[in-house]
Structure formats: C-alpha cells, structure tokens
Amino acid sequence: MTKKFRGYQCSLCGKKYGPEEVTYVCPDDGGNLNVLLDYEGIKKAYTIEDITSSRDTSIWRYLPLLPMEDPGCEGTPLRAVGWTPTYAPPAMRKDLGMKQLWVKDEGRQATASFKDRASAVVVARAREIGAEVVVTASTGNAGAALAGMAAAVGQKDVIFAPKTAPPAKVAQLLVFGAQVMLVDGTYDNAFDLTIEASNRFGWYCRNTGYNPFTAEGKKTAAFEIWEQVLLAEELDKPLCVFVSVGDGNIISGIHKGFKDLQELGWLKQMPRIFGVQSEGSAAIANAYLAGTEEIIPVSATTLADSISVDLPRDGVRAVRAATETNGAYILVSDDEIIKAIAALGKVGIFAEPAGSTSYAGLVKALETGQITGDDPVLLINTGSGLKDVKSAMKSVEEAPVIKPAMDALQAFLNQ
Ligand SMILES: *Cc1c(COP(=O)(O)O)cnc(C)c1O
Ligand SMILES: [Zn+2]
C-alpha cells in the first residue's frame, strides 16, 4: 500500500480509518470520507518545481499528490485525462465588464466531461485492489467516463442510468462496451440500486459522493487552476471559481485540491468557491442559504440533466466548500442556463446545460453585486454541448432552409 496514502477521515464525525479499514462511507454515520495524505512526507520528497516541470500533460503529473501508485496504462485514454485548456476570452471579459476572466473547458476531456478525472482515478484504484467489475449509477456523464476509462484498460464495468438520459450519453456507454442498465426511474433510484447490487455481487462501486476516490480525481482540476492561473498570473484579489453543482462532488473535490495545496504550503491564497445550482434542483443551495448543513431532498425538475439530483450525496462537504472559502451558492433558472449556452458559444466554447450553468451564475452574481468586475473569476464548463444537442438547439434560432440557387440566396439576404 502506498505510504503517502494515510487513510480516511469522516467529514461528519471526524473519525479516522486506516487505508484497509473502510471502502466507501463512514460505517458509523454514512458521512463522506476525506482521503488523508502524508503531507509532511510529500513536502520532504517534492518541491513545487518538481510538479510544474513535469512533461506529463494529464492528471498523472499530480501522481505525488494522489493516493495511489503509477497506474501504467501508457498509450491509452486513461493517460490523456486532464490538463484541459483554460481560456481568457477577451470578448466575454469585455461583455461582462470584468478585469480578469478565465474559462476552463472540461468539454475537452477524453469522454467530453469533467467526470473523466474521477473515473480515471477510480479505475486506477480498481486495478490496484484487483476489482473484477466496477459499477456506477450515473445521469450519463459519470457512466460515460467510467465506460470510456474501463474500455481503455480492459476493465469490466456495469452502468445504471435513468432511461431519460440524453441519447448521446447513452450512445457513449454502449459504444464503450459497458453493460448498461437503463432504469425506469430517477438517478436517485439508480443510485440506490447500484449500492445494493455492489453489496450483493461484490462489484467495486464508483458512485459519486460514495466512493472517496472520485473527489481525489476531481481535485486535480484545482491543481490545474493553481498552475494555469494562480502561479501564472498576477491577482490582486482571491480568485473566484464558479462551478455547477448536482451531487456536490465536483465542488468538494476542487475544495479538497486547494486544501491539499494549502497543507503543503504551496498555495498563496485560498480561492473563493461559488456553487451554482438550478432553481429546479437546489438542495445544496437551499441548505447554504438557510445557514445549515442539513440537506433536505427536493424533487428535481431542471433540464440540466447532469445536475438534476433529488438527494445530493456529497451535500455537507459541498456546503463547506462555499462557507469555508468565503464563497457562496447561487441559484439560476433553466432559462438563464439555456441563454448561457449561447453566450459561451459566442466565444467558441460549446457547453451542455450543466456546463453553462456556471456562466449563468456569474451573470447573476454580477447583477446582485455579490462580486464585481474587479474580482478575478474562473468559470468551469463541466461538459461538452455535443452531449445534449436538444438543449443546445433551444439556445439558438433555427437555421433557414433555402433552395440551392443564387436567386434564392439573394432573395433571402434581401429580406
Ligand atoms: C456531474 C456533473 C456536474 C455536477 O457534479 P456533482 O459532483 O454532481 O456536483 C456538473 N456538470 C456536469 C457536466 C456533470 O457531468
Ligand atoms: Zn462518521
């Protein structure tokens, strides 16, 4: 077992567990487990330059900060996850009246969503513990990412998704050769069934907000923001990171990444983390706005399928990501989410609804004065627009159909 991996600590009761003692959540209270690393040992063995001088342009450049050994698998998509581009679109900055604005595009991942970070790390972990089958519940992207990473390395996998998942995501699952079960119910129903199946058949469960390794994968986005923005740019004020929230595992993972860097003494200033939820799926924002960590389930209705969650599985840590960093939660409507797809499209970034949600949140935060044009902001687009073409078409006017003749074109242009 890797020495840098020290075990787990429950986010609710604080109890610590050894690396072999538990697998998923706290046996006492079901709390999400934080992975503990040997920060002193890492600090002694590595400098910032050891990380930043790496020529590996994937999440594996951060191997010294991950609770595992090198997974190998060279030459496969598993080695290509991460190091997504971070743009600074001048037109968008001008449009919003901002001094500094970046967009990190996770649509550029191997299977086109942020979820690759988690799935790559969980599949690496599965190989380390010799798991025969990996299983997950998914609204689509987590499954596509697991199916893609599993296919990359020849790992068996089973995916449970709601039968309402967008066709492009279901196509990915099938093409990657996963055993796919479409559940006649919600994501939450699929989630519970997955855990039962995992217990019954001994499958290794990747479920978001259940398997502690997903957040370890997702934290690599924070490391990239650190390298691509915090170390590279002059900032007068703390960076404000905007990210959409469903189960709350991405936002928790990003918070964990920044906390890891802080533990190592490698972070000058903790960024402020802003979670954005749809009004139609707002369980975590509701708790934050009520000033509590108690997550009360909702009946989710948003068209942003990737963040449509009744009972968020990583809600407590997700609330803390905002409260502990002087961030906030912001609510936006589905209408605003659709408009945001067009706004990102205008600067060449194609987002699915859950991806454009962060932009909608920024617009709202500027309107309400929660942040100003002086605050440096980084938006995360968590998934590609190709994942959900139906929603993309809602954000634009339909194209005209004309006869293939010059007079028809001329007539149309004269209108
Ligand atoms: C999963 C997902 C999210 C939300 O992540 P959580 O960990 O569930 O909060 C946001 N956007 C996209 C595209 C996703 O696939
Ligand atoms: Zn506990």
Side-chain angles (χ1 to χ4, degrees), residues 8-17 21-22 24-34 104-107 109 111-119 136-146 161 165-166 168-169 172 187-188 191 206-212 214-215 217-219 221 242-256 273 275-278 281-285 295 300 302 304-319 321 329 337 341 350-359 361 379-388 391:
Y8 308 92
Q9 183 166 26
C10 175
S11 59
L12 294 184
C13 68
K15 191 170 171 194
K16 290 185 179 173
Y17 299 94
E21 235 177 308
V22 286
Y24 301 118
V25 290
C26 177
D28 288 352
D29 53 22
N32 293 110
L33 298 176
N34 292 315
K104 187 162 184 59
D105 189 9
E106 295 288 304
Q109 293 282 10
T111 77
S113 88
F114 194 108
K115 298 293 196 295
D116 282 351
R117 296 182 186 277
S119 288
T136 198
S138 170
T139 62
N141 284 337
L146 175 59
K169 298 181 182 180
Q172 279 185 298
Y187 166 62
D188 294 78
F191 194 101
R206 176 223 175 276
N207 275 12
T208 297
Y210 184 65
N211 186 315
T214 60
K218 287 168 175 179
K219 77 181 184 182
F242 280 67
V243 62
S244 61
V245 174
D247 268 318
N249 191 243
I250 290 183
I251 196 169
S252 303
I254 288 172
H255 189 205
K256 171 68 155 58
I273 304 179
V276 189
Q277 289 206 290
S278 165
S281 178
I284 296 174
I295 310 292
T302 177
D305 63 292
S306 302
I307 51 172
S308 184
V309 177
D310 295 349
L311 173 62
R313 309 291 171 151
D314 207 345
V316 173
R317 292 193 302 186
V319 168
Y329 269 82
I337 290 172
I341 293 179
F350 195 16
E352 68 162 273
S356 72
T357 297
S358 58
Y359 179 92
L379 304 174
I380 300 179
N381 167 33
T382 44
S384 164
L386 291 173
K387 295 272 198 172
D388 184 356
S391 292

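Counting starts at 1 for both ligands and their atoms, in listed order.
- Counting protein heavy atoms only, atom 8 (O) of ligand 1 is closest to D247 N, 2.8 Å.
- Under 2.8 Å from the Zn ion (ligand 2) lies an N/O/S atom of D29, whether from backbone or side chain.
- Judged purely by distance below 3.5 Å, without hydrogens or angles, the side chains of N34 and K256 never pair a donor atom with an acceptor atom.
- Checked by distance only, ligand 1 and T208 stay at 3.5 Å or farther apart across all their nitrogen or oxygen atoms.
- A centroid separation of 6.0 Å or more is found between the aromatic rings of Y17 and Y8.
- Residue contact check: G248 has heavy atoms under 4.0 Å from atoms 6 (P), 7 (O), 8 (O), 9 (O) of ligand 1.
- Annotation: atom 12 (C) of ligand 1 to nearest protein heavy atom, T382 OG1, 3.3 Å.
- Proximity of K387 to ligand 1, defined as any heavy-atom pair under 4.0 Å, is not found for any part of the residue.
- Remark: the T208 side chain and the D247 side chain contain no N/O donor-acceptor pair separated by less than 3.5 Å.
- Polar contact check, E352 against ligand 1: no nitrogen or oxygen pair lies under 3.5 Å apart.
- With no hydrogens or angles considered, no side-chain donor-acceptor pair links K115 and Q109 at under 3.5 Å.
- Summary of contacts: the protein heavy atom closest to atom 14 (C) of ligand 1 is K115 NZ, 2.8 Å.
- Under the 3.5 Å distance criterion, with hydrogens and angles disregarded, no donor-acceptor pair is assigned to the side chains of S244 and T357.
- With a heavy-atom cut-off of 4.0 Å, N249 touches ligand 1 through backbone and side chain alike.
- The shortest side-chain heavy-atom distance between R313 and D188 falls under the 4.5 Å cut-off.
- If you put the vertex on the Zn ion (ligand 2), SG of C10 and SG of C13 sit 110° apart, to the nearest 10°.
- In terms of protein heavy-atom proximity, atom 10 (C) of ligand 1 is closest to S244 OG, 3.2 Å.
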